[in-house]
Amino acid sequence: MPSMEMGMIYILLFGLGSIGGMLLMSGLISLPFVFVSQSWHHNLKVSAGFLAIVFGAYFMWSPLS
């Protein structure tokens with residue numbers, strides 16, 4: 001960046017964009033939990049948690065190359 005002020009403005013805009021993007025994606029990901037019937041709500045939560053654990057384990061033990 002040509003100056004310290006421009007660098008700070010860039011970091012501020014990047015941070016705000018990151019927050020906005022995460023807010024939007026979190027809202028979109030939560031839609032199935034909002035619109036599913038009450039009888040499926042528990043099963044959906046358990047399935048999402050299980051898939052998150054499986055993905056995390058795969059990601060943790062997968063080779064880096």
Side-chain angles (χ1 to χ4, degrees):
M1 287 288 133
S3 67
M4 178 70 84
E5 291 81 16
M6 291 298 291
M8 294 301 291
I9 290 171
Y10 174 81
I11 290 173
L12 176 68
L13 289 175
F14 180 80
L16 290 174
S18 296
I19 291 169
M22 286 187 271
L23 180 66
L24 178 66
M25 289 306 297
S26 297
L28 290 174
I29 290 171
S30 71
L31 286 178
F33 293 95
V34 172
F35 291 115
V36 74
S37 68
Q38 193 64 21
S39 61
W40 281 80
H41 198 258
H42 176 72
N43 294 338
L44 187 59
K45 288 192 302 186
V46 170
S47 299
F50 178 74
L51 287 173
I53 291 170
V54 169
F55 177 75
Y58 170 76
F59 190 70
M60 186 171 63
W61 280 300
S62 67
L64 295 176
S65 58

Enumerate, atom names and distances included, each donor-acceptor pair closer than 3.5 Å involving a side-chain atom of residues 10-30, sequence neighbours excluded.
{"unit_1": "Ser18", "atom_1": "OG", "unit_2": "Phe14", "atom_2": "O", "d": "3.0"}
{"unit_1": "Ser26", "atom_1": "OG", "unit_2": "Met22", "atom_2": "O", "d": "2.8"}
{"unit_1": "Ser30", "atom_1": "OG", "unit_2": "Ser26", "atom_2": "O", "d": "3.4"}
{"unit_1": "Ser30", "atom_1": "OG", "unit_2": "Gly27", "atom_2": "O", "d": "2.8"}

**Study point:** Plane angle bin for Phe55 and Phe59 - parallel if under 30°, tilted between 30 and 60°, otherwise perpendicular
**Key:**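 Parallel.
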Give every donor-acceptor pair under 3.5 Å between a side-chain atom in residues 43-53 and any protein atom, sequence neighbours left out.
{"unit_1": "Ser47", "atom_1": "OG", "unit_2": "Asn43", "atom_2": "O", "d": "2.8"}

